[in-house]
Amino acid sequence: MAHSLDQVKEKFIERFGFAPTLIIRSPGRINLIGEHTDYNLGYVLPAAIDKGIWMALSKSEGATIIHAIDLGREIILNDFDNLEPFDNGWANYVVGLVDQLQKAGISINNFNCVFGGDIPIGSGLSSSAALENATCFGLNELLELGLSKMEMIKFSQKAEHEFVGVKCGIMDMFTSMMGEKEKVIRLDCRSLEYKTFPLQLDNYELLLLNSNVAHSLASSEYNTRRNQCREGVHLMKQKFSEVDSLRDVDMIVLNECKADLPELVFRRCKYIVEENLRVLAFCEALLQKDFGSIRKLLFAAQAGMKNEYEITCPEIDFLVDYSFKYPGVIGARMMGGGFGGCTINIIERKRETEFIEKIKTVYFKEFGLEANPIKIKINKGVRRVD
Ligand code: GLA
């Protein structure tokens with residue numbers, strides 16, 4: 001259930017009897033193109049959005065109390081010695097971050113925390129990175145730790161790797177931290193250099209559709225994909241010693257190594273090499289407002305995720321296929337880690353209402369599931385709001 005800034009603040013006062021010292025807004029993200037390229041040190045094209053987490057914090061004289069208002073759940077910790085991952089997922093994003101800070105030799109005092117927000121959980125909008133960043137940014141302010149944004153991004157990523165157990169790339173944390181209003185970020189995940197530019201879609205706009213499928217395989221298959229890419233790099237390095245990641249591979253190198261790679265690994269690598277090229281081409285097309293090229297690139301990205309990287313699912317494929325056939329839709333594709341979540345669609349503004357109505361009806365008929373439209377605006381990264 002979604003909660004507003006005021007509700008988070010009120011809950012904090014109700015729970016602790018005084019006002020929070022500070023409140024953080026930490027956004028989720030979208031990604032226009034470039035999926036699974038981040039941990040392969042390639043390119044991505046994300047943006048922070050106007051949906052995210054509100055987190056209210058204060059220091060505590062007693063235990064640390066962390067209250068998740070959206071879930072109506074709470075955990076209490078007397079100290080941070082020997083922290084272990086919890087069975088209930090949500091607490092790991094907050095406590096995992098504290099664990100990382102402690103492990104880096106930064107001692108964390110007990111604190112009070114209430115958080116909630118308006119970002120749908122498990123829909124591919126990176127609620128997890130938003131929560132990790134909220135915690136890190138919030139504790140940095142509250143305890144005056146003096147961490148840079150880049151340090152905080154790295155702590156969030158490490159918390160996800162080590163406490164949550166998903167070996168994610170850097171895109172989600174980076175975007176949630178560095179986002180700029182109305183701008184998309186072209187991030188080079190190898191050098192971490194980035195460029196922001198305005199998203200100008202004229203009569204078109206972005207529309208997300210939540211498939212309401214949250215596949216249980218998402219995290220295990222995610223790590224499997226990562227390992228398959230690593231295997232590809234390892235095998236190609238035998239022939240081309242300069243290859244340290246798939247970023248160092250182009251189609252010529254890949255084809256020369258084809259016979260040395262298991263067929264599945266070849267397909268995984270091919271998708272990544274081509275997806276990197278698509279990100280760069282997409283940026284060019286956006287700048288030129290070349291909507292024909294944008295359509296082709298989205299189509300190819302979706303086909304790659306479906307057939308080569310194999311991270312889509314029937315519900316997502318159905319939504320994307322329907323979008324592509326609909327008049328006034330430039331294109332669509334699955335967004336995020338895969339196996340469910342949202343599709344991102346670029347649609348003519350005047351057709352949007354009728355499109356949503358139609359796609360909801362056919363999707364429900366086919367799968368008995370709701371396809372929920374999520375309207376987003378591109379907004380700033382993590383910040384203090386109170
Ligand atoms: C998840 C991960 C990201 C990225 C995407 C896929 O959101 O957290 O690091 O790999 O999947 O592009």
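Order of listing sets the numbers, starting from 1, for every ligand and every atom in it.
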Any idea which atoms of ligand 1 are less than 4.0 Å away from a heavy-atom of [X]?
X	value
Tyr222	1 (C), 2 (C), 3 (C), 4 (C), 9 (O), 10 (O), 11 (O)
Gly169	9 (O)
Cys168	2 (C), 8 (O), 9 (O)
Gly336	6 (C), 11 (O)

Handout entry: Donor-acceptor contact present, side-chain Asp188 to main-chain Tyr43, <3.5 Å
Key =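 Absent.
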Name each donor-acceptor pair under 3.5 Å that joins a side chain in residues 371-379 to protein atoms two or more places apart or in another chain, with its distance.
unit_1	atom_1	unit_2	atom_2	d
Asn372	OD1	Asn212	ND2	2.5
Lys375	NZ	Glu352	OE1	2.7

Can you pull out the closest protein heavy atom to [atom]? Residue, atom name and distance to 0.1 Å, please.
atom	result
atom 3 (C) of ligand 1	Asp38 OD2, 3.3 Å
atom 5 (C) of ligand 1	Met171 CE, 3.8 Å
atom 8 (O) of ligand 1	Asp172 OD2, 2.6 Å

Handout entry: Side-chain cluster (under 4.5 Å, hydrophobic types only) that Leu5 belongs to, other residues
Key =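 Members besides Leu5, by chain and number: Val8, Phe12, Phe16, Phe18, Ile23, Trp54, Ile65, Ile69, Ile76, Val114, Val385.
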Handout entry: Whether Arg29 lies under 4.0 Å from ligand 1, heavy atom
Key =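 Judged by the 4.0 Å heavy-atom criterion, Arg29 does count as contacting ligand 1.
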Handout entry: Check against salt bridge (Lys or Arg N to Asp or Glu O under 4.0 Å), Glu231 and Arg268
Key = CA-CA 10 Å; Glu231 187 185 344; Arg268 302 295 194 243; over 6 Å; no
Exercise for the section: Check whether any N or O atom of Ser126, backbone or side chain, sits under 3.5 Å from an N or O atom of ligand 1, and answer yes or no. Expected result: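 So ligand 1 has no N or O lying under 3.5 Å from an N or O of Ser126.
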Exercise for the section: State plainly whether one hydrophobic cluster holds both Phe111 and Leu131, where clusters connect Ile, Leu, Val, Met, Phe, Trp and Tyr through side-chain heavy atoms under 4.5 angstrom apart. Expected result: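 Same hydrophobic cluster.
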Exercise for the section: Begin with the C-alpha distance, continue with both residues' side-chain angles, and end with the deciding distance and a verdict on ring pair (Phe, Tyr, Trp, His ring centres under 6.0 Å) for Tyr93 and Phe115. Expected result: CA-CA 12 Å; Tyr93 301 103; Phe115 74 88; 9.4 Å; no
